[in-house]
Amino acid sequence: MNVFSRPLRSSNGILKHCAQSRSFYWPSRFARQPSSSSQKWSHPPSSTTVADDEVSTLASQPLHTLSLEDLVKHGRPPLSTEALYASANFTLSLLPIRLAHRVESLRNLPFIVVSNPNISKIYNNYLHSLSTLLPYKSKSISNLEDEIRFTSVLADLVETHSQTIPTLARGFLECRKYINSTEVTRFLDEHLRARIGTRLIAEQHIALHVSSQPHQDTKPASKRSNNGTSYIGVIDTALQPASVINSCGNFVSEICELNYGVRPTWIIDGEPDTTLAYVPVHLEYIITELLKNAFRATVESGRSHEPIVITIAAEPENSRRGSSAAHPDGLGRTFGTNGNPIEPFEDSAPGVTIRIRDRGGGISPEVLPNIWSYSFTTFSEEDELPGSGNMDALNAISGAGGEGSSIAGLGYGLPLSRAYAEYFGGGIAVQSLYGWGCDVYLRLKGLGRPR
Ligand code: ADP
Ligand code: MG
């Protein structure tokens, strides 16, 4: 048992005292501990530590509200070398502040929670990433050599943080005696929403770097438009939700076959030809999670012969998206209230709503209030720690684009999908018809065309 656990756990007074006294609450030897992953960084900085006051100074700077224009302004074809350097410097101006905010937020957790090996691993990853980027911050990137090294550091950074979600999930499961689920949900919601933006910034520059290389357009021919590709970095300006639904549907039905021995089917109706500008990995994550829920309910209620009906509705061309973020969705929820909504390219770009309708029996009134909490699930009655059935689920939630073979189990599907949808000003609403089935409305705020 950790030496700090007994006094911290047994007395709220001590816990409070610790929170007020940073030096005791957060021993500096812990803050300076080097990351365990340091050996695998190909371009290590001169130092792997960051002074506490440097973290505080960076974390006191406000977070830049990311706009879509931010993401694409350096990436419009043809991509010049100057635009690539500008993208690198812009990325560098944002990431250290964002990482420092995460370090501070982890430091504000009770010490006993951050002492958990999984959570301290994430803390050290953030601190290490920050220390890796800081040497670049003092100089402007203005030659190809620096840009290549910087992009390589970014790629390592993205890789280092790829297991953040399952690791945090495991850590919070292990710490659930010491922190209540409301606090965990609050922390995770903020952390995971911020992480969406941080990854987007890093991945956008990496994608622009790759697209600037000759003969690097690896997109399928169907994805190429007149100027070579429908992509600007990680954004597909002509993403067809119907094709994402079909590929995710195939993937989820395979998981279903593995788990239950049956493959429910799905039908797409409405306007399947609709396209919009969106980040494909975000949509893939959301659709996969919503289909897993619909397929599971359908099979477990014994109605696997009933197809899941997915209706795609494009908003009329003249609907103004700019103001819709502040409007209720008709089901009592307001879209885009959290996260970092991204401003549209064009005020009039229409959104797309996708309704996933299953005949899986719906959600009981006792379960319904909990479905948006991180780690709430009805999958495992025993709510066992990882090591049993939840292991697959942990591996399945490594982030957008991650793959796994579990149908359910950790209770991250709905809240994390909603965080992704809201990031761009959309949302998710669940309407349960208990005894019959569920309608899940996914609204994507079309990102429009680049101005
Ligand atoms: P998980 O799938 O890992 O349990 P989710 O966040 O995806 O976590 O869902 C939380 C809970 O919401 C599920 O365990 C299930 O009880 C309920 N739920 C979600 N979608 C549906 C659905 N379409 N039909 C019935 N219950 C659902
Ligand atoms: Mg789920």
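Read the numbers this way: they start at 1 and go in the same order the structure lists the ligands and their atoms. Throughout, residue positions are numbered sequentially from 1 according to the sequence presented.
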*Would you say L414 and ligand 1 have an N/O pair spaced under 3.5 Å apart?*
yes
*Can you pull out the closest protein heavy atom to atom 10 (C) of ligand 1? Residue, atom name and distance to 0.1 Å, please.*
F376 O, 3.7 Å
*Salt bridge between R102 and E190, side-chain N to carboxylate O under 4.0 Å?*
yes
_Side-chain donor-acceptor pair present, D189, Y374, cut-off under 3.5 Å_ = yes
*Do you see a donor-acceptor pair shorter than 3.5 Å between the side chains of N118 and T167?*
no
*Does even one non-hydrogen atom of S432 get within less than 4.0 Å of ligand 1?*
no
*Where on R296 is there a heavy atom closer than 4.0 Å to ligand 1, on the side chain, on the backbone, on both, or on neither?*
side chain
*Are any N, O or S atoms from Y412 nearer to the Mg ion (ligand 2) than 2.8 Å?*
no
_Just by distance, no angles: are the side chains of H161 and S129 close enough, under 3.5 Å, to form a donor-acceptor pair?_
yes
*Check ligand 1 against G362 and write out every atom of the ligand that is under 4.0 Å from a heavy-atom position of the residue.*
25 (C)
*Non-hydrogen atoms of G360 versus ligand 1: any pair closer than 4.0 Å?*
no
*Give the numbers and elements of all ligand 1 atoms closer than 4.0 Å to a heavy atom of G413.*
5 (P), 6 (O), 7 (O)
*asked:* Using a 3.5 Å cut-off on N or O atoms only, is V367 in polar contact with ligand 1?
replied: no
*Tell me, with the steps shown, if R186 and E183 meet salt bridge (charged side-chain N to carboxylate O under 4.0 Å, His left out).*
CA-CA 5 Å; R186 199 182 305 121; E183 280 176 85; 5.7 Å; no
*Of all the non-hydrogen atoms in the protein, which one sits nearest to atom 18 (N) of ligand 1, and at what distance?*
I363 CD1, 3.8 Å
*Can you pull out the closest protein heavy atom to atom 16 (O) of ligand 1? Residue, atom name and distance to 0.1 Å, please.*
T378 OG1, 2.5 Å
*asked:* I'd like to check whether V440 has a polar contact with ligand 1, where a contact means an N/O of the residue lying under 3.5 Å from an N/O of the ligand.
replied: no
*Any K292 heavy atom less than 4.0 Å from ligand 1*: no
*For atom 22 (C) of ligand 1, what is the nearest protein heavy atom, given as residue, atom name and distance?*
C438 SG, 3.8 Å
*Test item: side-chain donor near acceptor, T198 and R98, under 3.5 Å*: yes
*Taking atom types as modelled, is there a side-chain donor on Y412 or E289 under 3.5 Å from an acceptor on the other?*
no
*Look at atom 24 (N) of ligand 1 and say which protein heavy atom is nearest, naming residue and atom and giving the distance to 0.1 Å.*
A297 CB, 3.4 Å
_Within ligand 1, which atoms have a heavy atom of L410 less than 4.0 Å away?_
3 (O)
*Is there a donor-acceptor pair under 3.5 Å between the side chain of R296 and the backbone N or O of N293?*
no
_Using side-chain heavy atoms (C-beta onward) and a distance below 4.5 Å, is L134 in contact with P96?_
yes
_R357 side chain to D439 backbone, donor-acceptor under 3.5 Å_ = no
*Heavy-atom contact under 4.0 Å between P415 and ligand 1?*
yes
_Can you report which non-hydrogen protein atom sits closest to atom 11 (C) of ligand 1, along with the distance?_
I371 CG2, 4.1 Å
*Does NZ or CZ of K445 fall inside the cone over Y423's six-membered ring, less than 6.0 Å from its centre and within 45° of the axis?*
no
*Would a distance-only check, ignoring hydrogens and angles, find a side-chain to backbone donor-acceptor pair under 3.5 Å from H282 to Y420?*
no
*Which atoms of ligand 1 have any heavy atom of G411 under 4.0 Å away?*
1 (P), 3 (O), 6 (O), 8 (O)
*Would you kindly say whether H101 and Y126 are connected by a side-chain donor-acceptor distance under 3.5 Å?*
no
*What's the shortest distance from atom 23 (N) of ligand 1 to any protein heavy atom, and which residue and atom give it?*
D358 OD2, 2.9 Å
*asked:* Give me the residue, atom name and distance of the protein heavy atom closest to atom 20 (N) of ligand 1.
replied: N293 CB, 3.3 Å
*Considering the heavy atoms of T377, write down every atom of ligand 1 situated less than 4.0 Å from one of them.*
1 (P), 3 (O), 4 (O), 14 (O)
